[in-house]
Participant: 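I'd like to ask you about the structure that follows.
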Amino acid sequence: MCLLLGAPGVGKTLLMKRLLKLSSKDAADMGDALPTQPTVGTNLTDLTIQKAHVTVREVGGSMGPIWPSYYRDCKSVIFMVDAANPNQVSASCIQLLAVLSAEPLVSASVLILFNKIDLPCYMSLVEIKSLFRMDDIISCAKQQISVLQTSSLDGTGLQDVMHWLHSNCAQ
């Protein structure tokens with residue numbers, strides 16, 4: 001099980017819809033982005049990546065206080081951040097630190113996605129890594145951490161997410 005976490009509105013649901021499309025036989029045509037609603041509760045998505053099975057549990061961003069109840073069943077975490085919202089960076093950083101310090105996730109692989117790079121106001125990877133102090137987080141964390149930039153809307157970086165899921169979660 002892979003957990004998909006992040007603040008409300010960062011693009012988790014659209015990411016899952018896009019990854020599901022990529023894992024289907026119609027992957028060549030991503031099509032228009034489907035409308036999404038804020039997730040209340042959780043969504044389970046089963047992906048097939050290179051004939052391997054991956055289950056991703058998206059947990060609604062507003063459910064942050066109960067995220068820990070889902071940690072025991074997972075071996076990897078995708079933590080999503082809105083790279084176009086500088087006001088959300090400090091809260092997201094605090095949430096990420098709480099996730100990384102959780103005992104059940106000590107051996108989990110972690111992928112941090114800086115999403116919404118398609119927007120004109122997005123922060124560059126250098127800027128957001130600096131604001132997050134990513135080098136310090138990566139050096140202090142017990143987990144193996146990867147960082148990617150994505151756009152769930154236009155599909156940028158989603159093949160890299162699929163590759164990470166296959167490498168870290170596939171059964």
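In what follows, every heavy atom counts, from backbone to side chain, and hydrogens, waters and symmetry copies are set aside.
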Participant: Listed by chain and number, what are the side-chain hydrogen bond (donor to acceptor under 3.5 Å, both in side chains) partners of Ser62, not counting sequence neighbours?
Facilitator: none
Participant: Apart from Ile94 itself, what residues make up its hydrophobic cluster, given side-chain heavy atom links below 4.5 Å?
Facilitator: none
Participant: Just by modelled atom types, is the Asp135 backbone N or O under 3.5 Å from a matching donor or acceptor in the Ser139 side chain?
Facilitator: yes
Participant: How many angstroms lie between atom CD of Glu58 and atom OG1 of Thr45, to the nearest 0.5 angstrom?
Facilitator: 7.0 Å
Participant: Using salt bridge (charged side-chain N to carboxylate O under 4.0 Å, His left out) as the criterion, list what pairs up with Lys116, not counting sequence neighbours.
Facilitator: Asp82
Participant: For the pair Lys12 (side chain) and Met80 (backbone), establish whether a donor and an acceptor sit closer than 3.5 Å, ignoring hydrogens and angles.
Facilitator: no
Participant: Can you get from Phe114 to Val77 by hopping between Ile, Leu, Val, Met, Phe, Trp and Tyr side chains that sit under 4.5 Å apart?
Facilitator: yes
Participant: If you compare all heavy atoms of Cys2 against all heavy atoms of Leu165, which two are closest, and at what distance to 0.1 Å?
Facilitator: SG-CD2, 4.0 Å
Participant: With distance as the sole test, does Asn115 use its side chain to make a donor-acceptor pair with the main-chain N or O of Val10 at under 3.5 Å?
Facilitator: yes
Participant: Quick one: pull up CD1 in Ile78 and CG in Leu5 and give me the separation to the nearest 0.5 Å.
Facilitator: 9.5 Å
Participant: To the closest 0.5 Å, what do you measure between NZ (Lys17) and OG (Ser152)?
Facilitator: 12.0 Å
Participant: For Ile138, check side chain to side chain contact (heavy atoms under 4.5 Å, CB included) against everything at least two apart and list the hits.
Facilitator: Met134, Ile145, Val147
Participant: Grab the two heavy atoms, one from Thr48 and one from Ser23, that are nearest each other, plus how far apart they are.
Facilitator: O-CB, 3.1 Å
Participant: Got a sec, which residues hit salt bridge (charged side-chain N to carboxylate O under 4.0 Å, His left out) with Asp136, two or more places apart in sequence or on another chain?
Facilitator: Arg133
Participant: Asp118 versus Thr156: any side-chain heavy-atom pair under 4.5 Å?
Facilitator: no
Participant: Can you give me the closest heavy-atom contact between Arg57 and Thr42, atom names plus distance?
Facilitator: NH1-OG1, 3.2 Å
Participant: Going by the side chain to side chain donor-acceptor pair (under 3.5 Å) test, which pairs reach into residues 85-110, not counting sequence neighbours?
Facilitator: Ser109-Asn168
Participant: Can you get from Met63 to Leu15 by hopping between Ile, Leu, Val, Met, Phe, Trp and Tyr side chains that sit under 4.5 Å apart?
Facilitator: no
Participant: Could you measure the distance from the CE atom of Met162 to the CG atom of Asp160? Nearest 0.5 Å is fine.
Facilitator: 11.5 Å
Participant: Given side chains that start at C-beta, do those of Leu22 and Gln159 come closer than 4.5 Å, heavy atoms only?
Facilitator: yes
Participant: Please check: side-chain N/O of Trp67 versus main-chain N/O of Gly60, any donor-acceptor pairing under 3.5 Å?
Facilitator: yes
Participant: Looking only at non-hydrogen atoms, find the nearest pair between Leu131 and Met123 and report the distance.
Facilitator: CD1-SD, 3.5 Å
Participant: Please report the closest heavy-atom contact between Leu3 and Tyr70, naming both atoms and the distance.
Facilitator: CD1-O, 3.7 Å
Participant: Is it the case that one hydrophobic cluster holds both Leu105 and Ile112, taking links as side-chain heavy atoms less than 4.5 Å apart, direct or via other members?
Facilitator: yes
Participant: Decide whether Leu19 and Ile117 are clustered together by the hydrophobic rule: side chain heavy atoms of Ile, Leu, Val, Met, Phe, Trp, Tyr closer than 4.5 Å, transitively.
Facilitator: no
Participant: Answer with yes or no whether the hydrophobic clustering places Trp164 together with Phe79; edges join I, L, V, M, F, W, Y residues whose side-chain heavy atoms lie under 4.5 Å apart.
Facilitator: no
Participant: Hey, mind stepping through Leu44 and Met1 against side chain to side chain contact (heavy atoms under 4.5 Å, CB included) and telling me if it holds?
Facilitator: CA-CA 10 Å; Leu44 281 176; Met1 175 80 62; 4.0 Å; yes
